[in-house]
Amino acid sequence: MAVLIDGKKIAAEIRKELKGKVDWLKSMGLKVPGLAAILVGNNSASQVYVSSKSKACAEIGFLSKVENLPANTTQNELIELVEKYNADNDYHGILVQLPLPSHISEEKIIESISPSKDVDGFHPTSVGNLVIGRETFYPCTPNGIVELLKRYKIETNGKHVVVVGRSNIVGKPVANMLLQKKAGANAVVTVCHSAAKDLSLFTKEADILVVAIGKANFITADMVKEGAAVVDVGINRIEDSSFPKGYKIVGDVDFENVQKKTSFITPVPGGVGPMTIAMLLQNTFLAYIKITNQKLA
Ligand code: GUN
């Protein structure tokens, strides 16, 4: 019988821990951590994500600012706004929601964020530090996955982790994090992706299977080893008229059938998703500690 990994519960615990620290800062009359989130255009999914992030900040007492910019904002205007927040001592984290309109270079924008405020962990400096095992801001979703494995005491040392998907946001960073020679990692890691002739050759070998390929119910029971731990990063909408909105959210894993073979599994929703925002809050808190040189961590 699989243990259900309750990301919602763990995320709530982390938010509570952080709120306690913010309450203490306030009681001492100190500045609180601040996050500036910038959204360009009106992508509805991005609007939902940014408003959830800002709400989560407000709930734990962070300063939170959302900048809503029109879709025709120029790259230079966006860089100027990022630079304004780079220099603003009230904001310790800066997040530019992706994707950006096609006339703006995501690379240039990410590079314009000060690495000391890069709470998404997307800046090349953060990525480089992650790869060579230095302390840095870890991207939120991969960091959430590693945190879930730790809190559920799922052994990674010497285990075979198979990552399906090679995105810069999930696949590449989670593979690199679990590869590091340190506690909570030290795994043997395979990264596979859509170009594989037969993905199941890889997935069947996994002690821990991390799936971030963006295809609904893609991983079926025959692709999973008996007793594996399965982490499903997918968030896919599929039409279903029995749901109030006319669709339901499913992961990249055929949960019903796969869970019967697993030791641990993350549900969708309620698995990895809630951890992403919790880790963003944690990164913002860490940025605050570093920038202000506070001793509390
Ligand atoms: N778009 C999808 N996921 C993310 C994320 O974690 N951060 C940002 N900035 N944009 C995203």
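Sequence positions, counted from 1, serve as the residue numbers for this chain.
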Exercise. Among all residues two or more places apart in sequence or in another chain, which pass the salt bridge (Lys or Arg N to Asp or Glu O under 4.0 Å) test with Glu17?
Worked result: Arg151
Exercise. With sequence neighbours left out, what residues match Asn157 under side chain to side chain contact (heavy atoms under 4.5 Å, CB included)?
Worked result: Glu155, Asn186
For this session: Check salt bridge (Lys or Arg N to Asp or Glu O under 4.0 Å) between Lys204 and all other residues, then give those that pass, not counting sequence neighbours.
Result: none
Problem set entry | Test item: Met279 and Ile14 side chains (from C-beta on) under 4.5 Å apart, heavy atoms | yes
Exercise. How long is the gap from CZ on Arg237 to CD1 on Ile235, to the nearest 0.5 Å?
Worked result: 10.5 Å
For this session: Scan for ring-ring contact (aromatic ring centres under 6.0 Å, His included) pairs involving residues 177-227, sequence neighbours excluded, and state none if there are none.
Result: none
Exercise. Do any pairs count as a side chain to side chain donor-acceptor pair (under 3.5 Å) and have a residue in residues 28-47, sequence neighbours left out, and if so which ones?
Worked result: Lys31-Asp90
For this session: May I have all residue pairs that pass side chain to side chain donor-acceptor pair (under 3.5 Å) and include part of residues 225-236, sequence neighbours excluded?
Result: Asp207-Lys225, Asn236-Asp252
Problem set entry | Cation-pi check, Lys290 onto Phe137 ring (under 6.0 Å, within 45° of axis) | yes
Exercise. Under 3.5 Å, side chain of Thr136 to main-chain N/O of Tyr138, donor-acceptor pair present?
Worked result: no
Seminar exercise, completed: Those residues at least two apart in sequence (or on a different chain) that pass salt bridge (Lys or Arg N to Asp or Glu O under 4.0 Å) with Glu256 are none
For this session: Rounded to the nearest 0.5 Å, what's the gap from OH on Tyr288 to CG on Asn293? Could you check?
Result: 11.0 Å
Problem set entry | For Tyr85, the option from Lys117, His92, Glu67 that meets side-chain hydrogen bond (donor to acceptor under 3.5 Å, both in side chains) | Glu67
For this session: Kindly write out the residues that satisfy side chain to side chain contact (heavy atoms under 4.5 Å, CB included) with Met28, not counting sequence neighbours, or none if the list is empty.
Result: Trp24, Leu30
Exercise. Is the closest basic N to carboxylate O distance between Asp23 and Lys19 below 4.0 Å?
Worked result: yes
For this session: Please state whether the rings of Phe62 and Phe285 are parallel, tilted or perpendicular, taking 30° and 60° as the class boundaries.
Result: parallel
Exercise. Side chain of Lys65, backbone of Ala37: donor and acceptor closer than 3.5 Å?
Worked result: no
For this session: Evaluate the side-chain proximity of Thr141 to Met275: yes if any heavy-atom separation is below 4.5 Å, no if none is.
Result: no
Seminar exercise, completed: In short, side chain to side chain donor-acceptor pair (under 3.5 Å) pairs touching residues 96-109 with sequence neighbours left out are Lys53-Gln97
Problem set entry | Residues which pass side chain to side chain contact (heavy atoms under 4.5 Å, CB included) with Asn257, listed by chain and number, not counting sequence neighbours | Ala221, Asp254, Lys260
Exercise. How about Thr74 and Asn76: does a side-chain donor come under 3.5 Å of a side-chain acceptor?
Worked result: no
Exercise. Can you list the residues that meet the salt bridge (Lys or Arg N to Asp or Glu O under 4.0 Å) rule with Asp222, with sequence neighbours excluded?
Worked result: none
Seminar exercise, completed: Output for pair (Ile289 CD1, Ile291 CD1), nearest 0.5 Å, gives 10.5 Å
Problem set entry | Side chains of Leu130 and Pro139 in contact at under 4.5 Å (non-hydrogen atoms) | yes
Exercise. Is the side chain of Ser126 donor-acceptor paired with the backbone N or O of Gly121 at a distance under 3.5 Å, no angle test?
Worked result: no
Exercise. Side chain of His123, backbone of Asp118: donor and acceptor closer than 3.5 Å?
Worked result: no
Seminar exercise, completed: Across all chains, not counting sequence neighbours, the side chain to side chain contact (heavy atoms under 4.5 Å, CB included) partners of Pro244 are none
For this session: State the CD-CE distance between Glu147 and Met177, to the nearest 0.5 angstrom.
Result: 9.0 Å
